[in-house]
Amino acid sequence: MIPIKSFSERRRRLAAQMQQGVAIVPTSPERVRSRDAHYPYRFDSYFYYLTGFGEPEALLVLVAGAAEGEPKQILFCRDKDTEREIWDGFRHGPEAAREAFGFDEAYSISRLDEMLPKLLADQPAVYCALGQDSAWDMRVTGWINRVREQARSGVTAPAAIHDSRLLLDEMRLFKSAEELQLMRRAAEISTGAHRRAMRATRAGLHEHEVEAELLHEFRRQGAQAPAYTPIVAGGANACVLHYIDNNAELKSGDLLLIDAGCELDGYAADITRTFPVNGKFSPAQKDVYQLVLAAQAAAIAAVRPGNPWNAPHDAALQVLAQGFIDLGLCQGSVDAVIQSEDYKRFYMHRTGHWLGLDVHDAGEYKLNGNWRSLQPGMTLTVEPGCYLRPADNVPEHFWNIGVRIEDDVAVTESGCEVLTAAATKTVLEIEQLMQGCHG
Ligand code: GLY
Ligand code: MN
Ligand code: MN
């Protein structure tokens, strides 16, 4: 768990950068799945990053530049409601939330329209995620208009609206020791789930039965949810990058690609492993697998402070392009294959993304038009792959081989830490682990 004081420290850091103005950060709404049934609730990542408060119908107001030097930290949240709590469970209510989460003030969410125009009066600027949710955009501009209506009384309305995400994305990009500790645990649970899925896999099962093993392990270990819909893709399905049907029968001789990670206290893990359904790689499968593994090793070696964001991708591409030539899938030199982008027939995605509260986490990849440099505290995935579809005129022994290998990596002072290193990965490890189950 992230200590409560860390959340208020983040609010102070945000306010210090704003200097003067009011930040408005609402959490996500509850969403209906069908009639009376809702999707499992997930808070907004920005709101949670600043508050640690997980209830729906809540909003943070941060007033920077207050006379005392400290920002004013205000929470709006649901009232206590003994009747509703019988049905839906505990809610803090403003007073208990203020106390427990370290706010200066807390009010009922029903008072937003009354209080926000007062809080925005004579403030130079508003910071919000304009464009993220049009209903909130309307609400914020409505509050600003309420302030404008008081112009003849000498009240001034905020003259500027800044995108709060520019500041918050940069803060979220650098993980604290506490965040890294949570991400290590999310990674540990997820690596355990992958091992469990590998052990359970055999021909004749369906993809959803393997998916069930993953979900079972996530929840058993206390993760709240999968961080994204798991991909459990046997055979040709592995070549569909966002395959989530997970309903086909697994066949001996096919590979199984699993892309799955849990979410723990808001933080995501994102792991892909690919292995043979029958526990033994065919020669062609092994060739492709070893190639992707070598590309991943080169990419991980390029994750170190000072290297540009693109260095791991470039390193992976060098290895993959050479491998595609060696396997007869591409012709010409490595440079030519990369220059012409011929490799994109078999490797069409990039090698990673930031990872954190969101699986594709917040943070710019370029600064002033250049790839930004990797720095300690950044966390990212490294996930090269190779997808060989019959439609791409590949030799028949390569048909429907789809391989991706994805690990989660934190940049350290001296290089990087692979958070998901415990997930079984080499050909030997995989075959040994599966032999123990099939033998
Ligand atoms: N699981 C989503 C991704 O790998 O980007
Ligand atoms: Mn990923
Ligand atoms: Mn993934």
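Quick note: numbers below take in every heavy atom, side chains included, and nothing from hydrogens, waters or symmetry partners. The structure presented is a predicted model; accordingly, all values stated were derived computationally and were not measured.
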query = Are the ring centres of Phe218 and His216 closer than 6.0 Å?
reply =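 No.
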Do we see a donor-acceptor contact under 3.5 Å between the side chains of [X] and [Y]?
{"X": "Asp270", "Y": "Thr381", "answer": "no"}
{"X": "Asp408", "Y": "Thr420", "answer": "no"}
{"X": "Glu383", "Y": "Thr272", "answer": "no"}
{"X": "Asp169", "Y": "Tyr46", "answer": "yes"}
{"X": "Asp259", "Y": "Tyr228", "answer": "yes"}
{"X": "Glu99", "Y": "His92", "answer": "no"}

query = side chain to side chain contact (heavy atoms under 4.5 Å, CB included) between Leu357 and Asp361: does it pass, once the steps are laid out?
reply = CA-CA 6 Å; Leu357 280 168; Asp361 205 33; 4.2 Å; yes
Regarding [X] and [Y], does a basic nitrogen lie under 4.0 Å from an acidic carboxylate oxygen?
{"X": "Glu263", "Y": "Arg42", "value": "yes"}
{"X": "Glu85", "Y": "Lys80", "value": "yes"}
{"X": "Arg185", "Y": "Asp265", "value": "no"}
{"X": "Arg11", "Y": "Asp104", "value": "no"}

key: Aromatic ring pairing Phe101/Phe53, orientation class (parallel under 30°, perpendicular over 60°, tilted between)   =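 The rings of Phe101 and Phe53 stand perpendicular, inter-plane angle above 60°.
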task = Give me the ring orientation class for Phe7 and Tyr48: parallel if the planes are under 30° apart, tilted from 30 to 60°, perpendicular past 60°.
result =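 Ring orientation, 0 to 90° scale: perpendicular.
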Measure from the side-chain N and O atoms of [X] to the backbone N and O of [Y], and report whether any donor-acceptor pair falls under 3.5 Å.
{"X": "Arg273", "Y": "Thr424", "result": "yes"}
{"X": "Ser164", "Y": "Tyr127", "result": "no"}
{"X": "Glu213", "Y": "Val210", "result": "no"}
{"X": "Trp399", "Y": "Val394", "result": "yes"}
{"X": "Asp79", "Y": "Asp81", "result": "no"}
{"X": "Trp354", "Y": "Gly363", "result": "yes"}
{"X": "Arg98", "Y": "Gly102", "result": "no"}
{"X": "Asp245", "Y": "Asn247", "result": "no"}
{"X": "Asn246", "Y": "His208", "result": "no"}
{"X": "Glu170", "Y": "Leu166", "result": "no"}

message = For Glu429, I'd like to know if atom CD has over 12 heavy atoms of other residues, nucleotides or ligands within 6.0 Å.
response =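 More than 12 within 6.0 Å, yes.
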message = Using a 6.0 Å cut-off, check whether atom NZ of Lys344 has over 12 heavy atoms from anything other than its own residue.
response =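 No, the 6.0 Å shell around NZ holds no more than 12 heavy atoms from other groups.
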Nearest atoms (heavy-atom pairs only) where [X] meets [Y]:
{"X": "Glu179", "Y": "Ser176", "result": "OE1-N, 2.9 Å"}
{"X": "Lys280", "Y": "Glu431", "result": "NZ-OE1, 3.2 Å"}
{"X": "Ile244", "Y": "Pro230", "result": "CG2-O, 3.9 Å"}
{"X": "Val25", "Y": "Phe47", "result": "O-CD1, 3.2 Å"}
{"X": "Glu413", "Y": "Pro305", "result": "O-CG, 3.2 Å"}
{"X": "Pro395", "Y": "Leu329", "result": "CD-CD2, 4.1 Å"}

At what distance, to the nearest 0.5 angstrom, does [atom1] of [X] lie from [atom2] of [Y]?
{"X": "Glu406", "Y": "Ile271", "atom1": "CD", "atom2": "CD1", "result": "8.0 Å"}
{"X": "Leu380", "Y": "Leu419", "atom1": "CG", "atom2": "CG", "result": "9.0 Å"}
{"X": "Gln285", "Y": "Asp287", "atom1": "CD", "atom2": "CG", "result": "10.5 Å"}
{"X": "Tyr289", "Y": "Leu255", "atom1": "OH", "atom2": "CG", "result": "9.5 Å"}
{"X": "Glu207", "Y": "Leu257", "atom1": "CD", "atom2": "CG", "result": "10.5 Å"}
{"X": "Gln296", "Y": "Lys425", "atom1": "CD", "atom2": "NZ", "result": "3.5 Å"}

ask   = Can Ser6 and Glu178 be said to form a side-chain hydrogen bond (donor to acceptor under 3.5 Å, both in side chains), step by step?
value = CA-CA 9 Å; Ser6 300; Glu178 294 152 352; 2.8 Å; yes
Heavy-atom check, side chain of [X] versus side chain of [Y], under 4.5 Å:
{"X": "Gln224", "Y": "Leu264", "result": "yes"}
{"X": "Ile430", "Y": "Phe281", "result": "yes"}
{"X": "Gln221", "Y": "Cys262", "result": "no"}
{"X": "Val240", "Y": "Arg389", "result": "no"}
{"X": "Arg195", "Y": "Met198", "result": "no"}
{"X": "Asn400", "Y": "Asp254", "result": "no"}
{"X": "Arg139", "Y": "Leu116", "result": "no"}

query = Going through the distances and angles, do His162 and Leu167 end up as a side chain to side chain contact (heavy atoms under 4.5 Å, CB included)?
reply = CA-CA 10 Å; His162 300 294; Leu167 300 175; over 6 Å; no
task = Check each of Tyr387, Phe398, Phe324 against Phe346 using the ring pair (Phe, Tyr, Trp, His ring centres under 6.0 Å) test, and report the only one that passes.
result =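 Exactly one pass, corresponding to Phe324.
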message = Taking side-chain hydrogen bond (donor to acceptor under 3.5 Å, both in side chains) as the cut-off, I'd like each qualifying pair that reaches into residues 25-39, sequence neighbours left out, listed once.
response =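 Pairs touching residues 25-39 that pass the test: Thr27-Tyr41.
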task = Give every residue pair that meets the side-chain hydrogen bond (donor to acceptor under 3.5 Å, both in side chains) criterion with at least one member in residues 322-333, sequence neighbours excluded.
result =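 The answer is Gln322-Asp326.
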task = Walk me through it: do Arg84 and Glu55 pass the test salt bridge (charged side-chain N to carboxylate O under 4.0 Å, His left out)?
result = CA-CA 14 Å; Arg84 283 307 330 155; Glu55 291 183 26; over 6 Å; no
Arg184 vs Glu417, salt bridge (charged side-chain N to carboxylate O under 4.0 Å, His left out): CA-CA, chis, key distance, verdict = CA-CA 10 Å; Arg184 274 188 203 105; Glu417 173 188 350; 2.6 Å; yes
request  = For the pair Leu433 and Arg199, evaluate side chain to side chain contact (heavy atoms under 4.5 Å, CB included) and give the outcome as yes or no after the intermediate values.
outcome  = CA-CA 7 Å; Leu433 182 141; Arg199 279 198 202 98; 3.6 Å; yes
inquiry  = One pair to check against side chain to side chain contact (heavy atoms under 4.5 Å, CB included): Trp309 and Met378. What are the steps and the verdict?
reply    = CA-CA 11 Å; Trp309 161 259; Met378 293 174 166; over 6 Å; no
